[in-house]
Amino acid sequence: MFEDSTFESTGRIRTRSRGWSVAALLLNGSVLAALIVIPLIYPEALPKQMMSILLVAPSPPPAAPKPLPQQPAQVFHGQRQLVGLNLTAPTQIPTTIRQINTPEQAPGNQLITMDTGPGIPGSDPFRDSGARPVPVVRAAPRGPFRVSQGVAEGMILQKTLPRYPPIALASRTQGTVVLQAVISKAGTIEDIHVVRGSPMLQQAAIDAVSQWRYRPYLLDGQPVAVETTVVVVFSLN
């Protein structure tokens, strides 16, 4: 041990280290060669899971989609009689009539209009064309329509003042009664009911307003029923 720590034993130490390196290299090489050669000679020595991975073939790539069949374009083989907005007359009279089943393509998105020229007074513009004007039928207006209190007051032809109820007069009761009324096409009161007001004054207001007469309300020249608000004021003054 003392000799190994001196300078004279340098060559001996190197000789031993080189021998151990060669032996370790040979040992590792033999182990590596055994790991490579044994599975090639004896495949049964490999794990079953590894064998299934090595033996299973990869899935084939998906097949390419089939191209769609292209429909042949329809070609018009006849002679066009409409060029732009002008009609062309045939150069000669054909002896046979050829049937063309393919449709003729339109010459662009153009709107063809016909100018009939200035009208002649007293003439029927639909006589030559064979067309007749379609009569416009208007639906009958329905009601009742809602009108304001001011409009309804301007339609009054006959107005009867309410009689003050004796019980309200004795109790010095006064106030306003608001009624909702329907005026018919003839101008009479058809339906009436109380919105608010003193119970002692309601019946007197209904009796008075039921006798009122209105001018018919016209809508498109036709009388219609309307609904409005009627206010009756009872005052002791």
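Atom NE2 of residue H193 and atom CG of residue L179 lie 8.5 Å apart, to the nearest 0.5 angstrom. Rounding to the nearest 0.5 Å places CD of E153 at 10.5 Å from OG1 of T229. One finds the CG atom of L32 at 11.5 Å from the CG atom of L27 (value rounded to the nearest 0.5 Å). To the nearest 0.5 Å, atom NZ of residue K159 and atom CD of residue Q211 are 13.5 Å apart. We find the CD-CG distance between E227 and D191 to be 8.0 Å, quoted to the nearest 0.5 Å. Within the model, atoms CZ of R215 and CG of L157 stand 6.5 Å from one another, a figure rounded to the nearest 0.5 Å.
In this structure, Q202 contributes its side chain and G197 its backbone to a donor-acceptor pair below 3.5 Å. Formation of a donor-acceptor pair under 3.5 Å by the Q174 side chain with backbone atoms of L236 is found in this model.
Considering only residues two or more places apart in sequence or on other chains, F234 meets the ring-ring contact (aromatic ring centres under 6.0 Å, His included) condition with Y164.
Other residues, nucleotides and ligands contribute over 12 non-hydrogen atoms within 6.0 Å of the CG atom of L26. No more than 12 heavy-atom neighbours from other residues, nucleotides or ligands sit within 6.0 angstrom of CZ on R172.
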Apply side chain to side chain contact (heavy atoms under 4.5 Å, CB included) to W212 and I183, showing your working.
-> CA-CA 10 Å; W212 291 7; I183 304 173; over 6 Å; no

